[in-house]
2 protein chains.
Amino acid sequence: MQTTPGQPWISQVEALCLKRGLQMTALRREVAGILASSDQPLGAYAIIQKLSDMQSRIIAPPTVYRTLDFLVDNGFVVKIESRQAYIACDHLGHDHDHHGIVLSCVKCGRSSEIDSAAIEKEVAAIAVGCAFKVERKVFEIDGVCADCTVA
Amino acid sequence: MQTTPGQPWISQVEALCLKRGLQMTALRREVAGILASSDQPLGAYAIIQKLSDMQSRIIAPPTVYRTLDFLVDNGFVVKIESRQAYIACDHLGHDHDHHGIVLSCVKCGRSSEIDSAAIEKEVAAIAVGCAFKVERKVFEIDGVCADCTVA
DNA sequence: TCTGCATCGTTACACCTTAACAAGTCCGAC
DNA sequence: GTCGGACTTGTTAAGGTGTAACGATGCAGA
């Protein structure tokens with residue numbers, strides 16, 4: 001999570017929930033907040049730990065996994081499959097099922113999301129060519145980011 | 001695994017090992033064979049199970065994971081990150097680190113690999129634009145395959 | 001009030017992956 | 001021949017990831 005265009009990220013999420021008739025509960029707000037304030041992707045158990053610390057009681061895995069499912073299903077959070085970790089989604093306004101390409105740095109561990117209309121178009125073309133009906137895309141790239149290349 | 005251009009897949013793997021000075025041991029051959037003869041991606045524990053059945057003794061996880069690492073590192077097998085499952089790689093001749101795009105059908109469970117020069121090119125362009133040094137690509141698409149769309 | 005529905009809590013378990021160390025095997029150097 | 005070094009495999013044990021199942025809570029509308 002890095003961009004904050006006008007509204008803070010969490011406020012944008014709240015607004016989208018309101019617009020779509022979704023319930024932004026205290027728990028969901030906390031989990032979203034944990035992800036939004038992290039500069040790195042967090043695993044489910046890291047979130048469980050942070051949440052347990054915040055609430056001074058043990059939060060069991062299913063509570064967090066359900067919350068993550070909600071956030072991912074509604075496009076507020078992205079799961080990085082190749083790392084089993086979660087980040088707050090940069091591109092909130094887009095379609096539910098729209099996913100950008102996740103770039104993860106193997107040195108600093110930070111991830112960012114980018115969009116590519118050209119790749120979207122190519123994927124669509126491939127899908128047509130194969131008669132394949134696309135439901136979900138997982139496009140992730142690992143490597144060394146600009147900051148870490150300099151250093 | 002579906003294509004068999006001339007040589008059977010396992011023979012091609014053997015030939016590549018010979019050429020590169022890699023040891024194709026009995027264990028590696030068996031694991032490769034298990035994957036080659038499956039029409040679906042297999043999880044690590046499914047492979048452990050099959051191998052244990054074949055050898056009539058319990059094979060412990062590290063044995064299989066090490067073997068899978070070898071096969072994946074050398075481009076003989078592809079891990080589908082979003083499913084934590086493995087398939088025999090269709091495109092054997094290519095670079096070690098070359099990965100195609102994996103299409104997985106959510107109905108029949110089968111996966112296939114395709115290449116796209118256009119997407120390769122786009123990814124390279126994005127990498128240049130972001131000053132990002134690509135080391136690994138995970139490109140996976142879930143959806144409904146042609147066969148299952150008809151049915 | 002009663003009922004239905006979505007959310008959240010809790011227990012228990014299954015699956016996936018790795019660390020660490022021991023044992024076996026093969027091959028070249030001496 | 002045998003010694004040492006590399007690569008491979010076996011074994012034990014544990015840690016990380018994810019889910020099924022069921023109960024409790026809380027809120028909206030009949």
Side-chain angles (χ1 to χ4, degrees), chain A residues 13-14 17-18 20-35 40-74 76-87 109 136 138 140, chain B residues 13-14 17-18 20-35 40-52 54-74 76-87 109 138 140:
Chain A
V13 172
E14 302 251 17
C17 283
L18 210 61
R20 297 182 194 160
L22 302 169
Q23 298 187 42
M24 176 50 90
T25 65
L27 177 63
R28 289 169 178 172
R29 201 172 355 250
E30 280 183 301
V31 171
I34 287 171
L35 285 169
Q40 297 211 355
L42 296 176
Y45 275 68
I47 296 169
I48 290 169
Q49 188 56 58
K50 283 178 186 285
L51 199 58
S52 297
D53 291 348
M54 286 166 61
Q55 301 198 3
S56 302
R57 70 196 179 93
I58 303 296
I59 307 296
T63 298
V64 166
Y65 277 102
R66 275 188 299 238
T67 307
L68 287 170
D69 282 346
F70 170 85
L71 295 171
V72 170
D73 286 348
N74 291 291
F76 305 143
V77 162
V78 175
K79 178 174 186 186
I80 305 176
E81 295 288 345
S82 58
R83 299 176 62 184
Q84 285 147 205
Y86 302 82
I87 55 174
R136 187 171 77 118
V138 175
E140 298 167 3
Chain B
V13 172
E14 302 251 16
C17 284
L18 210 60
R20 297 182 194 159
L22 303 169
Q23 299 186 39
M24 175 51 90
T25 64
L27 177 63
R28 289 168 178 172
R29 202 173 354 250
E30 280 185 301
V31 171
I34 288 170
L35 285 169
Q40 296 210 355
L42 295 176
Y45 272 68
I47 296 169
I48 290 169
Q49 187 59 57
K50 284 176 186 286
L51 199 57
S52 297
M54 286 166 61
Q55 302 199 1
S56 302
R57 67 195 181 95
I58 303 297
I59 306 296
T63 297
V64 167
Y65 276 101
R66 275 188 299 237
T67 307
L68 287 170
D69 283 345
F70 170 85
L71 295 171
V72 169
D73 286 347
N74 291 290
F76 305 141
V77 162
V78 175
K79 178 174 185 185
I80 305 176
E81 295 288 346
S82 59
R83 298 176 64 183
Q84 285 148 205
Y86 302 82
I87 55 173
V138 174
E140 299 167 3

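Letters A, B, ... mirror the listed sequences (proteins, then strands); counts begin at 1.
If you check every strand for non-hydrogen atoms under 4.0 Å, Thr25(B) touches sugar and phosphate atoms only. Residue contacts shown for Ile59(B) are absent, as no nucleic acid heavy atom lies under 4.0 Å away.
When the P atom of dA14(C) is taken as reference, atom CD of Gln49(B) falls 15 Å away, rounded to whole Å. As a whole-Å value, the separation of Leu27(A) CG from dT7(C) P is 11 Å. The distance between atom CG of Asn74(A) and atom P of dA6(C), rounded to the nearest whole Å, is 14 Å. Rounded to an integer number of Å, the gap from Leu22(B) CG to dC7(D) P is 12 Å. Atom pair Asp73(B):CG and dC7(D):P shows a separation of 14 Å (rounding to whole Å applied). Gln55(B) has its CD atom 11 Å from the P atom of dT11(D), to the nearest Å. Here dG15(D) presents its C1' atom at 14 Å from CD1 of Ile48(A), a figure rounded to the nearest Å. Rounded to whole angstrom, the span from the CG atom of Leu68(B) across to the P atom of dT18(C) amounts to 10 Å.
Put simply, the residue from Arg28(A), Arg20(A), Arg29(A) that forms a salt bridge (charged side-chain N to carboxylate O under 4.0 Å, His left out) with Glu14(A) is Arg29(A).
Comparing atom distances between the Arg57(A) side chain and each of dG9(C), dC8(C), dT9(D) picks out dG9(C) as nearest. In this structure, of dA6(C), dT8(D), dT10(C), it is dT10(C) that holds the atom nearest to the side chain of Ala60(A).
Side-chain contact between Ile87(B) and Ile80(B) is present, with at least one heavy-atom pair separated by less than 4.5 Å.
With Glu140(B) contributing its side chain and Val138(A) its backbone, the two residues share no donor-acceptor pair below 3.5 Å. Between the side chain of Thr63(A) and the backbone N or O of Ile59(A), no donor-acceptor pair lies under 3.5 Å. Between the side chain of Arg83(B) and the backbone N or O of Leu42(B), no donor-acceptor pair lies under 3.5 Å.
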Open item on the list: Generate the contact string for nucleotides 16-30 of chain D. Rules: B means base contact, S means sugar-phosphate contact only, - means no protein heavy atom under 4.0 Å.
Closed with: -BBBBB---------
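Other residues, nucleotides and ligands place more than 12 heavy atoms under 6.0 Å from the NZ atom of Lys79(B).
Residues Glu81(A) and Gln84(B) have side chains that never bring a donor and an acceptor to within less than 3.5 angstrom of each other.
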